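Quick caveat: nothing in here was measured; it's all calculated off a predicted structure. Lettering follows sequence order; numbering is per chain, from 1.
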Number of protein chains: 2
Amino acid sequence: MGRADLANTSCPVSRVIERVGDPWVLMILREAFLGTRRFDDFQVQTGVSPHLLSQRLKQLCEDEILQRRAYNAHPPRYEYLLTDKGRDLWPVIIALRNWGQTWLGGETITLTHKACGARIDPVMTCPDCGTPLGARDVQADLSPEFKQERKTRREGKG
Amino acid sequence: MGRADLANTSCPVSRVIERVGDPWVLMILREAFLGTRRFDDFQVQTGVSPHLLSQRLKQLCEDEILQRRAYNAHPPRYEYLLTDKGRDLWPVIIALRNWGQTWLGGETITLTHKACGARIDPVMTCPDCGTPLGARDVQADLSPEFKQERKTRREGKG
DNA sequence: AATGCTAACTTCAGATTTTGAAGCGTGTCA
DNA sequence: TGACACGCTTCAAAATCTGAAGTTAGCATT
């Protein structure tokens, strides 16, 4: 199948994975949320090679997750900023952080809710009733197309 | 630096990325949350090559995200189940789903909160005051070690 | 006017990883 | 005896990644 084909499935999760499901992309996003904007800073803080960084930043700009902007005309200098679309990936990074701190321990990133001042670990909740949510509290139903696609794959294998 | 070194940083996010920040691992997790348990089903539904699937499943078992269990002794047959640790990655997959449905459109996975019956899109909220949270509502503070590590990297580049 | 410096990349060869197809081992069922 | 299912393993070719070095554009210093 190949990784690129993930974009063409009926699954909303795989279509996202094709775009951001890459270790370096996730590292770049982490950095962006920590406030990093410049090529060399991304490079130093993530440890990615400049070649790959260049590719990934291009991709992310094409996907409108980051935006490349000149912050200086002479000499030409650019920075990479999160777009609204990119900023909306925050829950993904936070979910990773939460899991890391729960299950891997070690150093921490402390989060403070600016509005109420509390130190928090953000939680997935039901927007309707406000209850915290886990895998077992929610039922997932696939769209007919996605269901059909899965059935076809199952049958096509033999 | 290389991807394996992500495990040895002071950043809780990169340590997680080293373990689950891979497209195929994320696809395997998606499948696991959809109820898939068997090797061949993972293979067919994710499109990963059997070689890689085998590697990734091994990794995931070592990391105790999945558990390999015999469901039949003769002939020997195995299945892969989410552990508690693995099930706790649910918010990551849901965060990806949410973003996909908001920004990429297309087919959907409908989620229903079993307890209250509502169709929902789970939301990251403040456990203290119950407010929905976005990137700008929260301040992140790094542990002293992590800060120091970043400073060292910055200085070491020249 | 030559040298050095910074930032943002690009290039390239060697190493590593991934893909895709094929095959294997164990055991059941007809 | 033969066909089939499942859970993998093997291997070579293709693709990707790493790390070091180089490039470009312009400012600043000697």
Side-chain angles (χ1 to χ4, degrees), chain A residues 1-8 17-19 21-28 31-32 36-62 66-81 153-158, chain B residues 1-8 17-19 21-28 31-32 36-62 66-81 153-158:
Chain A
M1 174 156 150
R3 215 182 113 177
D5 303 314
L6 292 180
N8 302 115
I17 290 174
E18 199 263 333
R19 283 167 171 83
D22 172 277
W24 299 121
V25 166
L26 292 168
M27 286 296 285
I28 290 166
E31 270 310 297
T36 297
R37 303 172 160 203
R38 297 190 188 170
F39 193 96
D40 284 14
D41 290 337
F42 279 114
Q43 214 240 295
V44 169
Q45 296 299 341
T46 62
V48 69
S49 72
H51 181 50
L52 240 202
L53 178 59
S54 178
Q55 278 189 201
R56 292 294 188 271
L57 289 174
K58 247 168 228 161
Q59 265 178 228
L60 287 166
C61 288
E62 267 173 36
L66 295 178
Q67 190 198 350
R68 187 178 187 255
R69 202 186 68 169
Y71 68 87
N72 195 46
H74 298 286
R77 293 284 186 266
Y78 301 94
E79 62 185 354
Y80 296 86
L81 302 173
R153 279 199 285 253
R154 238 175 288 137
E155 287 162 358
K157 79 165 183 174
Chain B
M1 174 154 150
R3 215 182 113 178
D5 303 314
L6 293 180
N8 301 115
I17 290 174
E18 199 262 334
R19 283 167 171 82
D22 171 278
W24 298 121
V25 167
L26 292 168
M27 287 296 285
I28 290 166
E31 272 308 298
T36 296
R37 302 173 161 202
R38 298 188 188 170
F39 193 96
D40 284 14
D41 291 337
F42 280 114
Q43 213 239 294
V44 168
Q45 297 298 340
T46 63
V48 68
S49 71
H51 180 49
L52 241 203
L53 178 58
S54 177
Q55 278 188 203
R56 292 295 189 270
L57 289 174
K58 248 167 227 161
Q59 266 178 228
L60 287 166
C61 287
E62 267 174 36
L66 295 179
Q67 190 199 349
R68 187 179 188 256
R69 202 186 69 168
Y71 67 88
N72 195 44
H74 297 286
R77 293 286 186 265
Y78 301 95
E79 62 184 355
Y80 295 88
L81 303 172
R153 278 198 287 251
R154 236 175 289 137
E155 288 162 358
K157 81 165 181 173

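- Here D/dG19 presents its P atom at 14 Å from CZ of B/R3, a figure rounded to the nearest Å.
- Contact annotation: B/H74 side-chain N/O to C/dG27 OP1/OP2 distance is under 4.0 Å.
- Taking atom CD of B/Q43 as the reference point, atom C1' of C/dA22 lies 13 Å away to the nearest angstrom.
- Rounding to the nearest 0.5 Å places CD of A/E31 at 10.5 Å from CG of A/L53.
- Between C/dA8 and A/Y71, a contact under 4.0 Å exists linking OP1 or OP2 to a side-chain N or O.
- Here the nucleotide nearest the side chain of B/P75, chosen from D/dC8, C/dG27, C/dT10, is C/dG27.
- Atoms CZ (B/R37) and P (D/dG7) sit 12 Å apart, rounded to a whole Å.
- OP1 or OP2 of D/dG19 has not a single side-chain nitrogen or oxygen of A/S49 nearer than 4.0 Å.
- In this structure, CD of A/Q55 is placed 13 Å from C1' of C/dC9, rounded to the nearest angstrom.
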Do any side-chain atoms of residues 54-62 of chain B form donor-acceptor pairs under 3.5 angstrom with protein atoms, and if so which ones, sequence neighbours left out?
residue	atom	partner	partner atom	Å
B/R56	NE	B/D22	OD1	3.2
B/R56	NH2	B/D22	OD2	3.0

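- Comparing A/D22 and A/P76 by the nucleotide of DNA chain D that holds the closest heavy atom to each, the one mapping nearer the 5' end is A/D22.
- Side-chain N/O atoms of B/K58 include one lying less than 4.0 angstrom from OP1 or OP2 on D/dT9.
- Salt-bridge formation is not detected for the pair A/E79/A/R38: no Lys NZ or Arg NE/NH1/NH2 atom is positioned less than 4.0 Å from an Asp or Glu carboxylate oxygen.
- Annotation: the span from B/F39 atom CZ to B/Y80 atom OH amounts to 6.5 Å, rounded to 0.5 Å.
- Of the listed nucleotides (C/dA21, C/dT19, D/dT18), D/dT18 has the atom at the smallest distance from the side chain of A/W24.
- Checking the phosphate oxygens (OP1, OP2) of D/dA25, no side-chain nitrogen or oxygen of A/Y78 falls inside 4.0 Å.
- Listed nucleotides D/dT9, D/dG19, C/dT18 differ in distance to A/H51; the shortest reach to its side chain belongs to D/dG19.
- Distance A/N72 CG to C/dT6 P: 16 Å, rounded to the nearest Å.
- To the nearest angstrom, P of D/dT9 lies 13 Å from CG of B/L52.
- Atoms CG (B/D40) and C1' (D/dC8) sit 8 Å apart, rounded to a whole Å.
- Residue A/R38 places none of its side-chain N or O atoms closer than 4.0 Å to OP1 or OP2 of C/dT6.
- Contact between the side-chain N/O atoms of B/R77 and the OP1/OP2 oxygens of C/dG27 is not found at any separation under 4.0 Å.
- Between B/I28 and B/L66, some side-chain heavy-atom pair lies under the 4.5 Å cut-off.
- Counting only heavy atoms from C-beta outward, the side chains of B/M27 and B/V48 never approach each other to under 4.5 Å.
- Nearest-nucleotide positions on DNA chain C for B/R56 and B/P50 put B/R56 closer to the 5' end.
- Considering only side-chain N and O atoms, B/R68 lies under 4.0 angstrom from the phosphate OP1 or OP2 of D/dC8.
- Atom OH of B/Y80 is separated from atom C1' of D/dC6 by 11 Å (rounded to the nearest Å).
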